[in-house]
**Q** 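The structure follows.
Convention: sequence-line order gives letters A, B, ...; per-chain numbering from 1. All values reported here derive from a predicted model rather than from experimental measurement.
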Amino acid sequence: MVYDEIFASRIKVADFSLRHTFESAQPLTFYGHYNNASNTLTYADGQHMLNVGFEGNAESGQIVVASRYANAIEDVKKRFRLEDDMNGMYASVSTDAFMRKAIGKYRGMRVTLNDPWETTVCFIISQFNNVKRIRGIVLKLIGTFGSDIKDDNDRVIGRSFPKSADLLNVTESDFKKIGAGFRARYLAEAAQYCTHNLDLYKLDPNDYEGLKSELTGITGVGDKVADCIALMGYGNMHAFPIDVWVKRTLEKFYFKGRKKSVKELHAFAEKKWGRYAGFAQQYLFYQGMNI
DNA sequence: ACCCAGGCGGGCG
DNA sequence: CGCCCGCATGGG
């Protein structure tokens with residue numbers, strides 16, 4: 001019997017870009033490993049290592065999945081939201097010249113659907129921080145507190161993301177040692193809270209207000225981080241995270257540079273992009289950051 | 001040297 | 001409610 005067989009398969013897909021999806025500051029950006037030359041992404045999904053490649057262009061192509069995990073295809077479909085109606089989503093957020101330009105430039109960028117706890121940790125770390133350093137801290141967290149993923153010959157092929165219960169004995173001081181800075185206390189408390197007080201896996205992904213109120217109960221999770229978790233940890237496309245880039249971009253291109261409050265901008269996004277606001281946001285964010 | 005980063009908690013008016 | 005402040009750290 002062959003225990004160490006690599007399961008490989010292809011998925012036909014339209015409107016997909018692995019590179020833009022990887023580079024747009026989502027959880028996979030922080031702990032995945034992307035090879036620009038081969039256009040492949042390697043990451044841990046739970047206890048399984050997945051290797052995802054893409055052949056084709058932004059309009060259409062094939063995703064090539066290689067893994068020892070039999071359910072890899074389903075996980076990839078879920079993670080990259082391959083069942084989404086991209087034509088419908090693009091149609092409803094192509095509201096103006098700025099959006100059409102961003103979509104044209106980054107066509108195929110997906111809003112990924114990630115593990116709620118992993119998303120919570122990544123975006124607690126993200127606050128008042130930059131993408132490069134967020135990735136460094138997340139990788140150190142996984143390297144220090146995660147565990148090895150091995151193949152059937154006992155060879156180490158990757159590291160898994162620690163669950164909240166794996167971090168119960170990790171102190172604020174320990175989190176400072178991996179470079180988390182003032183966020184160290186938030187991480188230590190979040191591990192306790194999400195193990196003992198709040199089961200992230202029981203929240204209703206479709207209840208936006210409920211998600212916001214439960215998630216902001218975690219120390220270190222405010223309005224913006226809760227929106228990121230609702231969007232990328234639960235797939236709630238209604239969520240519209242407003243960070244410095246989105247705020248700046250909205251003010252510059254929709255309000256002639258005038259300062260607007262986060263509250264006003266939320267109302268604006270709700271009216272303009274409605275139930276796909278989160279999808280629009282990812283293009284606003286990425287375009288804004290790269291200008 | 002100085003400024004900034006996918007903000008938040010806490011205190012104040 | 002809004003506003004203001006401090007906060008750790010590393011890269012440009």
Side-chain angles (χ1 to χ4, degrees), chain A residues 20-32 102 106 109-114 116 118-141 144 170-194 211-252 258-267 269 277-291:
Chain A
H20 294 323
T21 302
F22 171 77
E23 289 180 348
S24 58
Q26 302 189 229
L28 286 172
T29 310
F30 306 137
Y31 64 80
Y106 302 118
M109 180 168 65
R110 303 287 178 132
V111 173
T112 57
L113 177 59
N114 307 271
E118 294 177 9
T119 308
T120 300
V121 170
C122 286
F123 283 99
I124 284 176
I125 292 170
S126 80
Q127 63 185 82
F128 199 41
N129 211 341
N130 59 66
V131 173
K132 186 166 187 169
R133 206 165 80 89
I134 297 162
R135 176 175 163 85
I137 296 168
V138 171
L139 289 179
K140 270 188 253 182
L141 179 130
T144 308
V170 179
T171 64
E172 178 180 347
S173 162
D174 296 328
F175 283 119
K176 282 208 167 187
K177 286 176 191 154
I178 61 167
F182 66 89
R183 310 161 196 83
R185 179 171 72 89
Y186 304 155
L187 293 172
E189 290 185 18
Q192 302 294 326
Y193 191 76
C194 293
L211 283 174
K212 290 293 289 287
S213 84
E214 291 294 337
L215 293 170
T216 51
I218 305 168
T219 306
V221 177
D223 191 61
K224 188 270 174 183
V225 168
D227 272 330
C228 285
I229 302 168
L231 180 61
M232 292 172 240
Y234 291 90
N236 192 306
M237 284 288 189
H238 189 87
F240 189 85
I242 300 178
D243 73 315
V244 291
W245 297 109
V246 171
K247 186 169 190 296
R248 216 174 269 163
T249 303
L250 287 177
E251 287 168 346
K252 182 173 178 183
R258 296 198 310 277
K259 295 293 177 192
K260 290 284 165 184
S261 70
V262 169
K263 190 174 178 178
E264 287 173 306
L265 294 176
H266 266 126
F279 186 70
Q281 178 273 163
Q282 195 62 19
Y283 284 80
L284 282 165
F285 164 77
Y286 198 49
Q287 168 76 346
M289 194 174 67
N290 289 331
I291 285 174

**Q** Taking CG from D223(A) and C1' from dC3(C), how many angstroms apart are they, rounded to a whole number?
**A**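 One finds 16 Å between C1' of dC3(C) and CG of D223(A), rounded.
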
**Q** Any chance the side chains of S126(A) and N129(A) put a donor and an acceptor closer than 3.5 Å?
**A**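 Side chains of S126(A) and N129(A): no pair found under 3.5 Å.
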
**Q** Any base atoms under 4.0 Å from K263(A), or only sugar-phosphate, or nothing? Heavy atoms, all strands.
**A**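 Sugar-phosphate, backbone atoms only, no base.
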
**Q** With the criterion set at under 5.5 Å between ring centres and under 30 degrees between planes, would dA8(C) be stacked on F182(A)?
**A** no

**Q** To the nearest angstrom, how far is R133(A) atom CZ from dA8(C) atom P?
**A** 11 Å

**Q** Assign each of T219(A) and P241(A) to its nearest nucleotide of DNA chain B by heavy atoms, then name whichever residue's nucleotide is nearer the 5' end.
**A**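 Its nearest nucleotide being more 5', the pick is P241(A).
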
**Q** If we take the P atom in both dC8(B) and dG10(C), what is their distance in whole Å?
**A**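 The same atom, P, in both gives a distance of 22 Å.
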
**Q** Report the relative orientation of the aromatic rings in F123(A) and F30(A); use parallel for angles under 30°, tilted for 30 to 60°, perpendicular for over 60°.
**A** perpendicular

**Q** Within this structure, what is the CG-to-P distance between L187(A) and dT9(C), rounded to whole angstrom?
**A** 13 Å

**Q** Taking for each residue the nucleotide of DNA chain C bearing the nearest heavy atom, is the 5' side occupied by K132(A) or by N129(A)?
**A**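 Of the two residues, N129(A) wins.
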
**Q** Whole angstrom is fine here: how far is it from CD1 in I134(A) over to C1' in dC8(B)?
**A** 14 Å

**Q** Determine the contact category for Q282(A): base if any of its heavy atoms lies under 4.0 Å from a base atom, sugar-phosphate if only primed atoms, P, OP1 or OP2 are that close, otherwise nothing.
**A**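 Since a base atom lies under 4.0 Å of Q282(A), the category is base.
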
**Q** Just the rounded figure in Å: distance from C1' of dA5(B) to CG of N290(A).
**A**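 Going from CG in N290(A) over to C1' in dA5(B) covers 15 Å.
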
**Q** Considering every strand and a 4.0 Å limit on heavy-atom distances, what is the contact class for T249(A): base, sugar-phosphate, or nothing?
**A** nothing

**Q** Is the aromatic ring of F128(A) within stacking range of dC7(C), meaning centres under 5.5 angstrom and planes under 30 degrees?
**A** yes

**Q** Hey, which of these two, N130(A) or I218(A), hits DNA chain B nearer its 5' end, going by closest nucleotide?
**A**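 Its nearest nucleotide lies further toward 5', so the answer is N130(A).
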
**Q** Is there a side-chain contact between R248(A) and the phosphate of dA5(B), meaning an N or O under 4.0 Å from OP1 or OP2?
**A**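 Indeed, a polar side-chain atom of R248(A) lies that close.
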
**Q** Roughly, in whole Å, what's the span from NE2 in H266(A) to P in dC1(C)?
**A** 13 Å

**Q** Rounded to whole Å, please give me the gap between CZ in R185(A) and C1' in dG7(B).
**A** 14 Å

**Q** Distance check needed: dA8(C) C1' versus I137(A) CD1, whole Å only.
**A**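 To the nearest whole Å, that distance equals 9 Å.
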
**Q** Regarding Y106(A) and Q282(A), is there a side-chain donor-to-acceptor distance under 3.5 Å anywhere?
**A** no

**Q** Among L215(A), V121(A), N114(A), which residue meets the side chain to side chain contact (heavy atoms under 4.5 Å, CB included) test with I229(A)?
**A**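 For I229(A), the side chain to side chain contact (heavy atoms under 4.5 Å, CB included) test succeeds with only one of L215(A), V121(A), N114(A), which is L215(A).
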
**Q** V111(A) and M232(A): side-chain contact (heavy atoms from CB on, under 4.5 Å), yes or no, with the steps?
**A** CA-CA 7 Å; V111(A) 173; M232(A) 292 172 240; 4.3 Å; yes

